[in-house]
Protein chains: 2
Amino acid sequence: MADKKTPKRARRPLTEIRQDNIDQILKAAERQFAETGFSGTTVAAIADAAGLPKPNVLYYFKSKEGLYRAVLKRILELWMEAMHDLSADDHPREALRDYIVRKIRQSRDYPDASKIFAAEILHGAPYIRAELEGPLKVQFDDTVEVIRAWIAKGWMEPVSPEHLLFTLWAATQSYADFSLQMRVLLARDELRDDDFDNGIELLTRLVLKGCGVKIV
Amino acid sequence: MADKKTPKRARRPLTEIRQDNIDQILKAAERQFAETGFSGTTVAAIADAAGLPKPNVLYYFKSKEGLYRAVLKRILELWMEAMHDLSADDHPREALRDYIVRKIRQSRDYPDASKIFAAEILHGAPYIRAELEGPLKVQFDDTVEVIRAWIAKGWMEPVSPEHLLFTLWAATQSYADFSLQMRVLLARDELRDDDFDNGIELLTRLVLKGCGVKIV
DNA sequence: CCACCTTTTGACCACGCGGTCAAAAGGTTG
DNA sequence: CAACCTTTTGACCGCGTGGTCAAAAGGTGG
């Protein structure tokens with residue numbers, strides 16, 4: 001009557017188990033940290049969400065702080081990636097539009113990452129100060145130079161590159177960080193694709209027209 | 001040798017004591033909550049910052065949550081105040097510029113308020129959901145209508161009023177919420193007045209030119 | 001000055017938290 | 001199968017936390 005091979009867990013190689021668990025934990029942690037912040041999140045909550053007992057989470061990540069740092073690391077990489085391919089050779093007409101599209105897509109696809117990053121900055125960046133001052137600053141300075149080059153070529157009017165970037169970041173990330181407020185004020189259960197598209201359209205318009213980039 | 005009237009605390013009326021203490025506590029709480037969030041803030045830390053023993057804080061505010069709600073209430077009033085005097089009669093040229101100026105000034109003068117508000121939204125607005133859905137939504141809808149009226153009068157080109165407001169909020173508040181990031185990337189110890197002015201100038205330019213508001 | 005109310009304060013408590021541990025279970029390798 | 005390593009798990013712990021309490025101190029009003 002009983003099946004010959006009892007339905008005990010399939011034999012899985014350790015490497016796979018390890019990878020799967022780490023992934024599950026990181027995923028659960030990202031969601032929890034985004035929802036309730038670092039202090040508001042308990043290791044037990046992460047463990048529950050990941051479907052593992054609490055000590056197992058501490059087995060893979062030595063401490064709650066270690067886990068948080070691991071989460072932050074992935075987020076920062078994602079964050080800096082989008083800035084990469086702004087090039088002085090491209091025309092700001094396409095480059096800026098593409099950048100806005102990428103950043104808003106990121107807010108739509110990885111809202112938790114954006115929220116964690118925002119909360120970290122908000123509270124004084126106690127865990128990623130060094131990365132801000134190092135890699136991110138370098139990236140930022142490079143991008144500022146790209147915009148300066150565009151201005152020098154007459155491709156756009158002279159505006160502060162630094163504040164242009166600040167505004168771009170703020171406006172695009174708000175589609176993740178403040179999505180709740182948007183949802184409430186737009187009377188929606190969830191932001192829809194065309195909400196993000198409207199954001200892209202408006203912001204592109206403001207930036208291109210505002211910086212005097214000829215749309216041809 | 002000793003002075004005749006020993007330097008004991010001056011006799012102060014209870015009403016004054018009460019008001020002073022409540023103000024001190026609210027002030028200390030605002031700073032603490034902004035710095036470390038709701039969960040990350042301890043009542044003891046607030047009490048220390050206010051120069052009072054912990055049970056005294058709990059005497060004036062029944063609980064940590066009650067204190068947080070009191071802080072939030074003041075912040076929300078401040079937040080909605082700025083939206084008030086957008087009127088369909090005014091021309092967007094001045095109205096939008098003034099609004100941007102007000103909001104960025106607010107970020108400069110009350111950064112803690114902005115941070116607390118941002119963190120609250122970020123984490124799902126567990127304590128001010130009702131106010132968002134009520135008063136703020138009403139205010140928002142009114143303001144959207146004002147912008148629609150401007151468009152109908154031909155004073156600005158047709159853009160999404162909702163997303164215009166979202167962008168305005170995001171860009172202006174980021175001068176409080178992300179001031180740390182700005183400081184690091186601009187290599188400053190503190191944001192200076194001209195940093196805020198540059199933000200005002202850029203954002204005004206983007207919005208007015210971007211929305212086709214004639215600058216005359 | 002006295003009875004009364006408000007405020008202040010140190011001591012205290014229950015509880016939830018991050019983290020530990022040792023033993024069991026499961027995978028690996030010859 | 002046997003010796004060994006990695007992973008899993010329940011039980012446990014010390015500490016910091018929000019909150020309480022009762023007594024003392026201080027202000028108030030007749």
Side-chain angles (χ1 to χ4, degrees), chain A residues 5-33 35-72 123 126-127, chain B residues 5-33 35-72 123 126-127:
Chain A
K5 48 143 68 155
T6 47
K8 64 166 68 165
R9 267 207 295 288
R11 212 162 203 266
R12 299 171 57 208
L14 276 184
T15 57
E16 190 187 314
I17 291 180
R18 195 176 177 80
Q19 194 58 54
D20 278 8
N21 282 342
I22 288 179
D23 285 350
Q24 283 297 317
I25 294 170
L26 283 174
K27 196 172 139 195
E30 190 170 312
R31 162 146 312 176
Q32 292 296 319
F33 285 138
E35 265 179 28
T36 49
F38 177 74
S39 325
T41 299
T42 69
V43 177
I46 295 172
D48 282 355
L52 295 168
K54 187 179 65 161
N56 208 341
V57 171
L58 277 313
Y59 169 72
Y60 285 105
F61 298 87
K62 299 299 150 78
S63 66
K64 180 183 167 184
E65 181 182 328
L67 177 49
Y68 181 67
R69 293 194 119 95
V71 170
L72 270 182
H123 297 137
Y127 298 104
Chain B
K5 48 146 65 153
T6 47
K8 65 167 65 165
R9 266 206 296 284
R11 215 163 201 265
R12 297 170 60 207
L14 276 184
T15 55
E16 192 188 312
I17 291 179
R18 194 175 178 81
Q19 195 56 53
D20 278 8
N21 282 341
I22 288 179
D23 285 350
Q24 282 298 316
I25 294 171
L26 284 174
K27 196 174 139 195
E30 192 170 309
R31 162 146 311 175
Q32 291 297 317
F33 285 138
E35 265 179 28
T36 48
F38 177 75
S39 325
T41 298
T42 70
V43 177
I46 295 172
D48 282 355
L52 295 168
K54 187 178 67 163
N56 208 341
V57 171
L58 276 315
Y59 168 73
Y60 285 105
F61 298 87
K62 300 301 150 75
S63 65
K64 179 182 170 185
E65 181 182 328
L67 177 50
Y68 181 67
R69 293 196 119 96
V71 170
L72 270 182
H123 297 138
Y127 298 104

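Each chain gets a letter, A, B and so on, in the order its sequence line appears, and its residues count up from 1.
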Validate the cation-pi geometry between B:Lys64 and B:Phe38: distance from NZ or CZ to the six-membered ring centre under 6.0 Å, angle to the ring axis within 45°. yes
To the nearest Å, how far apart are B:Phe33 CZ and D:dG18 C1'? 12 Å
Under 3.5 Å side-chain donor-acceptor pair for A:Asp20 and A:Gln24: no
Atom CD of A:Glu16 and atom P of D:dT6 are separated, to the nearest Å, by 18 Å
Could you go through the side chain to side chain contact (heavy atoms under 4.5 Å, CB included) check for A:Leu67 and A:Leu26 one step at a time? CA-CA 8 Å; A:Leu67 177 49; A:Leu26 283 174; 3.9 Å; yes
Mark yes or no for whether B:Ser39, through its side chain, and A:Ser39, through its backbone, hold a donor-acceptor pair below 3.5 Å. no
A:Gln19 atom CD is separated from D:dT6 atom P, nearest whole Å, by 17 Å
Given A:Phe61 and A:Arg69, is the side chain to side chain contact (heavy atoms under 4.5 Å, CB included) satisfied, shown in steps? CA-CA 10 Å; A:Phe61 298 87; A:Arg69 293 194 119 95; over 6 Å; no
Value for CD (B:Glu30) from OG1 (B:Thr41), rounded to nearest 0.5 Å, stands at 12.0 Å
Output the single nucleotide from C:dT20, D:dT7, D:dG19 whose closest atom is nearest the side chain of B:Lys54. D:dG19
So, does B:Arg18 get its side chain near the phosphate of C:dT7, meaning an N or O under 4.0 Å from OP1 or OP2? yes
Rounded distance in Å - CD1 (A:Ile25) to P (D:dT7): 11 Å
Does the side chain of A:Asn56 get closer than 4.0 angstrom to OP1 or OP2 of D:dT8 through an N or O atom? yes
Would you mind writing out the side-chain donor-acceptor pairs for residues 48-56 of chain B within the sub-3.5 Å range, not counting sequence neighbours?
none

Between C:dG27 atom C1' and A:Asp20 atom CG, what is the distance in whole Å? 15 Å
Side chain of A:Pro55, heavy atoms from C-beta onward: which of C:dT7, D:dT8, D:dA11 has the nearest atom to it? D:dA11
Would you indicate which nucleotide in D:dT7, C:dT8, C:dC17 comes nearest to any side-chain atom of B:Ile17? C:dT8
DNA chain D contacts made by residues 58-70 of chain A, counting heavy atoms under 4.0 Å: A:Tyr59, A:Tyr60
Checking all strands, does B:Ser39 fall into the base, sugar-phosphate, or nothing category for heavy-atom contacts under 4.0 angstrom? nothing
If I take atom CD1 in residue B:Ile22 and atom P in nucleotide C:dT8, what distance separates them, rounded to the nearest angstrom? 10 Å
